[in-house]
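To keep things clear, I will list the structure first and then write my remarks on it.
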Amino acid sequence: MAARCWIAAASVVVLTFAAGEGRALAQPAAPFLMGGVATAPGTTASGDLKVPGGAGDTGTIIPFTVIHGTRPGPVLALIAGTHGVEYPPVLALQRLRASIDPRALAGTVVLVHMANMPSFLARTIYYGPKDGQNLNRVFPGKRDGTLSERIAFVITAEIIDRATHVIDIHCGDGNEWLRPYSYWVVTGAPPVVAASKDLALAFGLDHIVIDTERPSDPAASVYLANTAMTRGKPALTAESGGWSRTDEGSIARIERGVAGVLKHLGMRADGPDPVAHPVWLGRNEVLRSGFTGLLFPHVEPEQTVAQGTLIARVTDFHGTLLEEIRAPFAGEILYVVATPPITKGEPVGFVAERAAAPPALPTSPPRTGGR
Ligand SMILES: [Zn+2]
C-alpha cells in the first residue's frame, strides 16, 4: 500500500511542475515561508494572512499554522471555517496543530484555522455578515471584490496555489443536521480525479457522493475544493458534524481522516487504512423550499427513504400549510435543515441514491497541469 501511495504522490509532483507551479513543492531543507512567517524544517509555526480592506470594511485575517517536516513530500492544506458556524473542523485543527509532529513528517501540512473569520465572529450561517455572500460560492475570488471575494482570492493565491493536495473540511451548518460524508469531484483532469478518489478513501468517511456537476473553468471554479481541482491538485470536501454542535465524535472523525491521508500520501508512517467498503452515492439532489415560512422536518440523517417519502412541511407564519417536500427518488438522507426558519429557494435537505459502483474513471489522455 505504501508503494502505491508514493506513486500517487509522485504523479502529483509531475503535474504540479508541468503547470509551472514548482513553488508548490515543499523545500524541507529550507524554511517554509507564508504570511511573513518562516517555519524551519522540523518545526511548527503560526501566523495570520491579511485580507485587505475594501468598500465598507477594513478587511480581516486568516489564521494559519505551518507544520514543516524534515523530509521532502507533499504540501497538504487543511481548511476549516469556510462556513462560520461549522465547529468540529475548527476544533479538529486545533488538536492537529498539537498532535502532528513535524520531526516525524515528510512534506508540509498547512492548517487554515478559520477561513471565514467575519462569519465565525458574527455566528452567521451560509452567508458572510458584510456582503451576504456564501464564501464557498465565490472562488477563485477577486483581489478588489467584496470581503468574501477577497478572502477567496487570498486562500486561492496563498493556500491553494502553494499546496499539492487540499481538503476543505465542513459539517452541517448551524441549522443543518448531517450524517458524515464526503464529495468526490469527477469533472477534473483524469489523474487528478483518480488521486482525489484515493484521497476520499483515505479520509475514511464511508459515504461518498460522486459529484459530476462542478465547473471545470479555473477562472470560475465557484467552490474551494474545486478551485484546487481545476488547478490540477487532488482535493476533497469532507463533512462531519453539524447543528452548531462541538461533539467529540465529529471532531475525532476528522482527526482520524487526516491521519489516514497523512499515511496515504506517505507523509507519516503510521495511520488508519482507507475505508474498505464505501457507499458510493450517485444521483443526488438538494431539495429546496418553494416558500418562506416555518420548516418542519420529517426525516433524520442516515434515514433511508422511498420515493415520495415526506421530507419536510413548510407553513406560513400563521400555521397554514404551504408545501410538502417529498423525496424525488429513493435514497439516503445526508442532511436535513433542523431549525424552523426557511426562505424561498434555500435548502431543506439533501438526498442521494446508492450507486452500484463508482463510475469508471475518464480514459482521455491526461491534460498537462490539469487545465
Ligand atoms: Zn460548510
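The analysis underlying the following values was restricted to heavy atoms, covering all of them including side chains, and did not include hydrogens, waters or symmetry mates. One-based numbering, in listed order, for ligands and for the atoms of each.
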With [X] as the cation and [Y] as the aromatic partner, state whether NZ or CZ is under 6.0 Å from the six-membered ring centre and within 45° of the axis.
{"X": "Arg256", "Y": "Phe203", "result": "no"}
{"X": "Arg162", "Y": "Phe32", "result": "yes"}
{"X": "Arg137", "Y": "Tyr223", "result": "no"}

Margin query: For N/O/S atoms only: which one belongs to His83 and is nearest the Zn ion (ligand 1)?
Written below: ND1
Next item on the list: Write the atom name of the N, O or S atom in His170 that is nearest the Zn ion (ligand 1).
Entry: ND1
Note to self: Quick check on the Zn ion (ligand 1): does Glu86 put an N/O/S atom closer than 2.8 Å to it?
What the structure shows: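 Coordinating: yes.
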Check: Can we say Asp206 and Arg179 salt-bridge, meaning some charged N sits less than 4.0 Å from an Asp/Glu carboxylate O?
Finding: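 Yes, Asp206 and Arg179 are salt-bridged.
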